[in-house]
Undergrad: 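Starting off with a structure, shown below.
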Amino acid sequence: MTSPNAASPAPGASGTREKLLKFIAPWKVPALAVVTAMALGAILIAVAGGDPLSAYSGMFEGSLGSPRAIAETLVWSTPYILTGLSVALAFQGGLFNIGAEGQLALGAVFAALVGYGLPGLVGGSVPGVLHVPLTILAGGLAGAAWAGIPGWLKARTGAHEVISTIMLNYVALNAVSFLLNGPMKDPAPDNVIARTPLIADSASLSPILSSFRLHWGFPLALLAAWGVAWMLKKTTLGFEIRTVGANPEAARYSGMHVGRTIVVSMALSGALAGAAGAIEVSALNHRHQLGFSQGYGFDAIAIALLGKTKPAGVVPAALLFGMMRSGAPRMQFLTQIPVDVISVIQALILLFVAADVMVRRLYRLKGERERVVITRGWGS
Amino acid sequence: MDYRRYGFIAAIVVVLIGIVVKLGSGQVPAGSIVSSMIGTTIAVATPLTLGALCGICCERAGVVNIGIEGMMLTAAFFGWFASLYVSSIFGVGPMASLLLGVFVAILSGALMGALHALLTVTFEVDQIIAGTVVNLLAMGMTGFCNRQLFFGAGSAFGGHIPRAPGVLPHVRIPLLADIPLIGGIFDQQPIALIALVLVFVAHFVLFFTQWGLRTRSVGEHPRAASAAGIDVLKVRWANIVIGGAIAGLGGAYFTLESVPSFEPLMTNGRGFIALAAMIFGNWKPIGALSAALVFGAAQAFQINLQLFRDLIPPKFTFLQQSSVVGLVPYVLTLIILTGVIGKTTPPAADGVPYDRERRS
């Protein structure tokens, strides 16, 4: 929605100023939401017996204080960008994908399967130029298939995706646990935990600089953000997704296949989450181990909303969340405050972004409130 | 019609119990297997029923509530913490501290309900997002408090976890509990019994009182209700807070009735299964109870399958894996949601924020 007070800008210096203000305007509320949540977090830290100042400076130090810290922040941000995009893309299509966590787990499992299994299957080593893309593709396809199920159920029977994606999360986690304890368990004699064998070197996404963990998955995630933005803005499919999301009745009336678009939106959303899992396997852990996900799929919801469900907003939101997560250990070390305080702050950010009226009243901001409508009950 | 649904439920429950009876028949008398499975079914159905009742309160008044999971989790933690605190710091007896815990659980559920009401009714936030806020906040808060209060800098018990005051004792209804096979229904812990009673109370209130009529009219056609002099926002607030309190009682089940401990994320999706039970039960308390019993039976099946795992025929050894049987309730929820058993109809205004100034 464009703001109605965007009158014709005056020429000259005030023109650039107005342009700047116009540029800042949509980010005012999210920024203030972050600030407010951090302030409440500071109170929480103080109540818990810690020093908020040293907590936050520790977080800053741990996330941006050194080249290594910055690299870690980007490592953390990579899955956040992809899962955030996943949820945001679904939002654009009027769908709420809470299943990113399960799609990510399955993506990681299938990436690991291709990563360690493919050389044996073709009877020899696979060149990295082929193996790495195949590994990530496997993850993406697994995520797409898994997310396609709730999409299909919604299109076909009207089963609401909020419940079906959550149920599929639990199914995925149980299935993964079964696979990692059984058919895909690392057969090494000293292994007692639920994990797959290491993937082949040819399936590994290499680090950008050999001294840091930062890997080529990060630029890939940025590329994905650009790709999703382009798809939504410039392609027929993107137009259909946005139309179905904004008004399914109008979309149906104008001859679009609403059901098919729902399935495609969900599948694309799942592909992004699955790719996030695959990149984690290919670039960082080099295997899938039970319980490696740090709740990326749930943080992704907050990231997508903070980024206003747009790819251009998801990237900075994901970077912010990556900063918080990478800085958390240092913060805990300095103040003895459990890292879980980060989850509370993230939930508060979501709270203030969702209830933008609160922020607007608190800071006496003028202007229209924005109404985010994702879904209308169970019927639609 | 609802009859198809009840028939489906009865069939599932009978099949699940039948499989276990067949499995264990060589070792344990069928009668005791049946009664123990009925007991487990009801115990497992308890939080689901209470969660579904919370959902019905909210949604009959026109507010979608996917935050039940978070409400239950919050209540489970704070109820448990309160009972632990008074029993170990103030030396209160186990029964009194458990009851205080239940009270605190109900209160914290109601507070989370108030948060949901503030967001959805007062600030007209998208209701699904508001529910997600409730859930994420609950996950973060209980995780933080759990670690902080037991292990962190400000730990409440000086770094060691005190002995819990146990769980709520069984209440045996005389005579009825002595009936063979189904007697177990009347030998339950208190929250389970209250849940059963609440189902019928909710049914009565919803369909036979002025309060229920008002609630339903607000959920079906808020503008007409408003024209008839009903304060839509007030009715919604009240229903969500009451619903939160009921979910809070459901949360108390986890830490004060089922096991005397708290695990992070221990509600494990039960709040969402409760929603599915509500939908399957067509937004009616008795329907929701019946759906909750299916899930209860699925869980009882899973638990008993673990007991008799060595007796599972070789063809089905994959069933020995707990993760495989663990799928059953979730897959069942999916099947039920897809409307195999017939369409359900939500209240007409469900999910639509009420704006006094807008015409619709």
Undergrad: With side chains defined as the heavy atoms from C-beta onward, is the minimum distance between B/F144 and A/I337 less than 4.5 Å?
TA: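 Contact flag for B/F144/A/I337 side chains = yes.
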
Undergrad: Counting only heavy atoms closer than 4.5 Å, note whether B/N268 contacts chain A via side chain, backbone, both or neither.
TA: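 Both backbone and side chain.
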
Undergrad: How close do A/Q336 and B/Q148 get, heavy atom to heavy atom, and via which atoms?
TA: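 Heavy-atom minimum between the residues: O-OE1, 4.3 Å.
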
Undergrad: Picking from A/N169, A/I345, A/N174, A/V171, which has the most non-hydrogen pairs under 4.5 angstrom with chain B?
TA: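 Highest number of pairs under 4.5 Å: A/N174.
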
Undergrad: Going from CG on B/L137 to CG on A/L350, what distance comes out if it is rounded to the nearest 0.5 angstrom?
TA: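 Between atom CG of B/L137 and atom CG of A/L350 there are 9.0 Å.
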
Undergrad: Is the number of heavy atoms from other residues, nucleotides or ligands under 6.0 Å of A/F178 CZ greater than 12?
TA: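 Correct, the count exceeds 12.
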
Undergrad: Between B/G140 and A/S343, which heavy-atom pair has the shortest distance, and what is it?
TA: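 In terms of heavy atoms, the two residues are closest at CA-CB, 3.7 Å.
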
Undergrad: Quick check on B/L115 against chain A: is it the side chain, the backbone, both or neither that has a heavy atom closer than 4.5 Å?
TA: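 Side chain only.
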
Undergrad: So do A/V357 and B/E124 actually touch side chain to side chain, heavy atoms under 4.5 Å?
TA: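 B/E124 does not reach A/V357 side chain to side chain.
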
Undergrad: Taking the side chain as every heavy atom from C-beta outward, state whether A/F298 and B/T132 have any atom pair closer than 4.5 Å.
TA: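 Not in contact.
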
Undergrad: Does a sphere of radius 6.0 Å around OH in A/Y363 hold more than 12 heavy atoms from other residues, nucleotides or ligands, not counting ones at 6.0 Å or beyond?
TA: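 Atom OH in A/Y363 is packed in, count exceeds 12.
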
Undergrad: Can you see which heavy atom on A/A354 is nearest to which on B/V125, and at what distance?
TA: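 It is O-CG2, 3.5 Å.
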
Undergrad: Between A/Y170 and B/L327, which heavy-atom pair has the shortest distance, and what is it?
TA: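 Answer, listing the atom of A/Y170 first, then B/L327: O-CD2, 4.5 Å.
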
Undergrad: With rounding to the nearest 0.5 Å, note down the distance linking CZ in B/F123 to CZ in A/R360.
TA: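 Here the rounded value is 13.0 Å.
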
Undergrad: With only heavy atoms counted, which part of B/L119 is less than 4.5 Å from chain A, the side chain, the backbone, both or neither?
TA: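 B/L119 touches chain A through side-chain heavy atoms alone.
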
Undergrad: Is it the backbone or the side chain of A/V339 that comes under 4.5 Å from a heavy atom of chain B, or both, or neither?
TA: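 Side chain of A/V339 only, per the 4.5 Å heavy-atom cut-off to chain B.
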
Undergrad: Among B/I335, B/V331, B/L334, find the residue that satisfies the side chain to side chain contact (heavy atoms under 4.5 Å, CB included) test when tested with A/M167.
TA: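 Single side chain to side chain contact (heavy atoms under 4.5 Å, CB included) partner of A/M167 among B/I335, B/V331, B/L334: B/L334.
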
Undergrad: Write down the atom of B/L275, the atom of A/I163, and the distance for their closest heavy-atom approach.
TA: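 Minimum heavy-atom separation between B/L275 and A/I163: CB-CD1, 3.6 Å.
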
Undergrad: Could you point out which residue of B/I279, B/I128, B/I66 forms a side chain to side chain contact (heavy atoms under 4.5 Å, CB included) with A/H160?
TA: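 One option only clears the test, and that one is B/I128.
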
Undergrad: With chain B as the partner, which of A/L168, A/N181, A/I166, A/I98 has the greatest number of non-hydrogen pairs under 4.5 Å?
TA: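 So the answer, after comparing A/L168, A/N181, A/I166, A/I98, is A/I166.
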
Undergrad: Are A/V341 and B/M141 side-chain neighbours, meaning at least one heavy-atom pair lies under 4.5 Å?
TA: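 No, side chains not in contact.
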
